[in-house]
Amino acid sequence: MLGVCWYPEQWPETWWEDDARRMREIGIAWVRVAEFAWSRLEPRRGAFDFDWLDRALDLLHRHDLKVVMSTPTATPPKWLIDERPDILARDERGLPRRFGSRRHYDFSSPAWREETARICEVVSRRWGQHPAVQAWQLDNEYGCHDTVLSWSPAAAAAFQDWLRARYGAIEALNEAWGNAFWSMEYGGFGEIEPPQLTVTEASPAHRLDWRRFASDQVAVYNRMQAGIVRVHSPGRPITHNFMGLFTEFAHAPVAAELDFVSWDSYPLGFTDQRMPWLTAGERAAYARTGHPDVAAFHHDLYRGIAPGGRWWVMEQQPGPVNWAPSNPAPAAGMIRLWTLEALAHGAEVVSYFRWRQAPFGQEQFHAGLNRPDRALDQGGLEAAAVARSLPDLRLDCHPVRQAPVALLFDEQADWALRIQPQGTGCDYFALVFAFYTALRERGLDVDIRRPGQPLDAYRLIVAPTLPILDDATVAALAAAGAVTLLGPRTGSRTTSHRIPEELAPGPAQRLLPLKVIRVESLPAMVTDRLAWGNRVYELGVWRERVETELEPLARFADGEGAIFAQGGVHYLACWPDRALAADLVEHLLDRAGIAWRRLPPDLRLRRRGGLTFAFNYGSVPQRVDEPGMLLLGDPDVPARGVSVWSG
Ligand code: GAL
């Protein structure tokens with residue numbers, strides 16, 4: 001169940017045998033190769049050098065290591081860029097993003113699509129049937145380094161075609177976008193440019209369609225690669241490695257073309273760089289562990305779109321990374337904890353990035369399982385410790401079961417909030433994590449579902465916000481009949497980013513009779529007092545005024561309602577702080593009849609089949625009283641440790 005990313009092209013061949021032997025020794029079964037190897041595979045157009053990779057794959061096979069072979073498209077080589085410069089993506093000013101790092105391509109470039117098809121065919125023909133090759137990774141981290149949007153002539157032309165297909169007639173587009181506003185009307189699709197370099201903000205509908213278009217380009221590109229590899233390497237499952245806290249494209253359509261999904265887990269970097277809503281105290285507390293929910297959230301997020309429930313962690317942080325504002329070393333035990341946590345959430349394989357720290361190139365400060373001097377580093381030692389404990393857990397006998405709670409997530413919700421935030425603090429992930437953390441701190445397993453997926457058999461469904469809410473999702477919520485929470489701004493925009501005729505929450509008015517008649521955002525220093533039962537909260541960020549016959553569950557000091565419910569469906573008419581989100585979650589769990597308990601700080605639980613895992617992100621041992629037989633660890637779960645019970 002363990003793997004590693006290995007770069008034979010970066011090391012003397014005399015080291016390979018020892019590398020493979022030591023991989024086996026510490027319990028590695030899978031090796032991902034070649035995702036950045038294009039310049040070594042094809043040093044000049046058509047002049048292929050396959051021998052070195054043949055030898056590497058043969059050697060891995062001899063050592064009984066299974067290979068995830070990759071298409072090398074994240075790094076088109078220099079000769080190719082010089083030959084076909086229109087492969088390069090353009091930044092918002094229209095300037096080419098230059099050669100010299102990676103991901104410099106434009107998803108829409110016809111030249112690039114041709115070259116992609118060519119190299120995918122070459123590598124999958126050559127190694128598709130190699131006995132070591134047991135899986136494929138397409139490309140590497142679509143969208144990393146801000147590369148989903150390209151402001152190129154090719155993208156502009158493809159955008160026009162995309163709009164033509166979506167709207168049919170220019171009048172329909174003008175109407176949908178509301179182009180009578182500011183004289184933005186177009187006479188034909190050929191006139192429309194990307195929403196780029198406008199004097200002030202471009203139309204929100206224009207920007208939303210631009211994002212949808214760019215997202216579709218990623219899906220089309222991925223489908224093209226998958227189709228080629230499938231032909232030449234039948235029977236080998238295909239994946240792509242997604243990223244964390246990343247919504248630049250819709251992931252479900254990409255996942256739909258894969259055989260399993262994977263994602264790259266860097267808990268320390270994410271906590272430092274991508275969770276700006278955390279307090280200084282939390283940042284300090286989690287600097288060496290990562291936030292206790294950041295990895296778990298993504299395991300659940302990507303498990304939710306995993307074909308047949310199959311997913312991996314393709315890159316697991318092995319030590320300090322190089323790319324966050326600061327890059328502390330993980331506390332002792334964390335690499336083992338992260339690995340077991342991924343497995344507890346159902347990962348098939350956890351693969352570490354990377355086998356050895358590179359003493360050259362951009363990632364010299366990035367740890368590997370081994371140091372540059374070839375000695376095992378902390379990550380390698382902890383990976384070996386995981387491998388030793390796996391036989392006792394017999395994870396294969398414990399498939400993941402459906403959780404009692406579903407949290408609804410949608411990239412489009414983040415797009416809508418970023419296109420028109422209307423107030424600082426309206427951060428989609430902050431809202432999502434407020435609820436996810438509240439649920440996890442109460443010992444719950446959570447499934448993350450998307451609009452459009454079935455919601456049957458959940459007892460509680462939490463939608464932190466779904467600004468663009470379609471009828472199908474409303475119907476699925478109604479059919480599920482679960483206790484439901486709809487957060488602020490739900491149903492506040494149509495698919496064309498207009499305020500719905502019936503006002504927010506739009507089609508959700510069919511679930512409970514209320515109407516949002518005014519909204520306001522609040523500057524950081526302004527709060528309102530919300531009273532609920534005997535508790536009082538000071539809330540800022542966002543408030544809505546609701547018109548309804550319903551008696552509110554909670555009110556603001558001025559008498560306006562803040563939380564409403566009918567049957568099991570609840571509406572929250574303000575931006576919650578973490579305390580309100582937590583109390584609301586307890587209320588909803590009680591309504592849904594779901595048992596919960598407040599866990600000790602920094603402790604998390606996760607069930608996999610008949611196993612219960614406890615993870616202690618804190619710095620002191622925490623007592624957990626679980627029935628069943630202890631398989632691993634201690635009832636006093638050690639700091640940064642893991643305990644597992646069965647039964
Ligand atoms: C990932 C990427 C890897 C490596 C790693 C460093 O985003 O896929 O190639 O750069 O980050 O943490």
Side-chain angles (χ1 to χ4, degrees), residues 3-11 30-40 68-76 100-105 135-148 218 222 225 239-249 251 254 258 261-274 288 290 294-295 298 302 311-330 334-335 338-339 342 349-372 377-380 383:
V4 75
C5 308
W6 183 57
Y7 300 91
E9 70 277 23
Q10 297 177 5
W11 305 109
W30 287 90
V31 185
R32 184 191 66 179
V33 299
E35 80 276 18
F36 303 127
W38 195 335
S39 71
R40 285 293 171 95
V68 181
M69 177 64 194
S70 315
T71 61
T73 44
T75 47
S101 64
R102 61 177 172 182
R103 297 216 56 78
H104 34 284
Y105 69 75
W136 282 86
Q137 175 181 298
L138 306 180
D139 202 289
N140 189 77
E141 292 192 340
Y142 295 137
C144 185
H145 314 305
D146 236 337
T147 52
V148 169
V218 177
N222 177 68
Q225 287 214 11
T239 193
H240 173 76
N241 52 338
F242 294 139
M243 296 195 288
L245 293 153
F246 186 81
T247 56
E248 294 294 297
F249 61 87
H251 288 65
V254 174
L258 304 171
V261 298
S262 47
W263 83 281
D264 296 345
S265 179
Y266 294 94
L268 300 195
F270 295 157
T271 301
D272 195 27
Q273 190 188 52
R274 302 193 195 155
R288 293 184 189 280
V294 72
H298 291 92
Y302 293 125
W311 64 279
W312 293 22
V313 171
M314 188 59 84
E315 297 182 11
Q316 172 63 62
Q317 174 168 0
V321 300
N322 63 303
W323 47 262
S326 57
N327 297 288
M334 285 315 297
I335 291 140
W338 291 328
T339 309
V349 173
V350 178
S351 165
Y352 300 93
F353 180 88
R354 48 187 275 155
W355 173 245
R356 185 168 32 244
Q357 181 174 353
F360 43 77
Q362 280 88 329
E363 294 176 344
Q364 297 176 21
F365 276 120
H366 197 297
L369 295 185
N370 292 272
R371 303 186 313 223
D377 205 343
Q378 177 198 354

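Count residues from 1 along the sequence. In listed order, ligands and their atoms are each counted from 1.
Listed here is the closest heavy atom pair of Ala358 and Trp11: CA-CH2, 4.0 Å.
Thr75 is linked by a side-chain hydrogen bond (donor to acceptor under 3.5 Å, both in side chains) to nothing, counting only residues two or more places apart in sequence or in another chain.
More than 12 heavy atoms of other residues, nucleotides or ligands shown are found within 6.0 angstrom of CD on Gln364. Sparse packing is recorded around CZ of Arg40, with 12 or fewer heavy atoms of other residues, nucleotides or ligands lying under 6.0 Å away.
Sorted by chain then number, the residues whose non-hydrogen atoms approach ligand 1 to under 4.0 Å are Phe36, Arg102, Asn140, Glu141, Asp264, Tyr266, Glu315, Trp323, Phe353, Glu363, His366.
In this structure, Phe270 and Trp323 have tilted ring planes: the angle between them lies in the 30° to 60° band.
With values rounded to the nearest 0.5 angstrom, Phe353 atom CZ is found 5.0 Å from His366 atom NE2.
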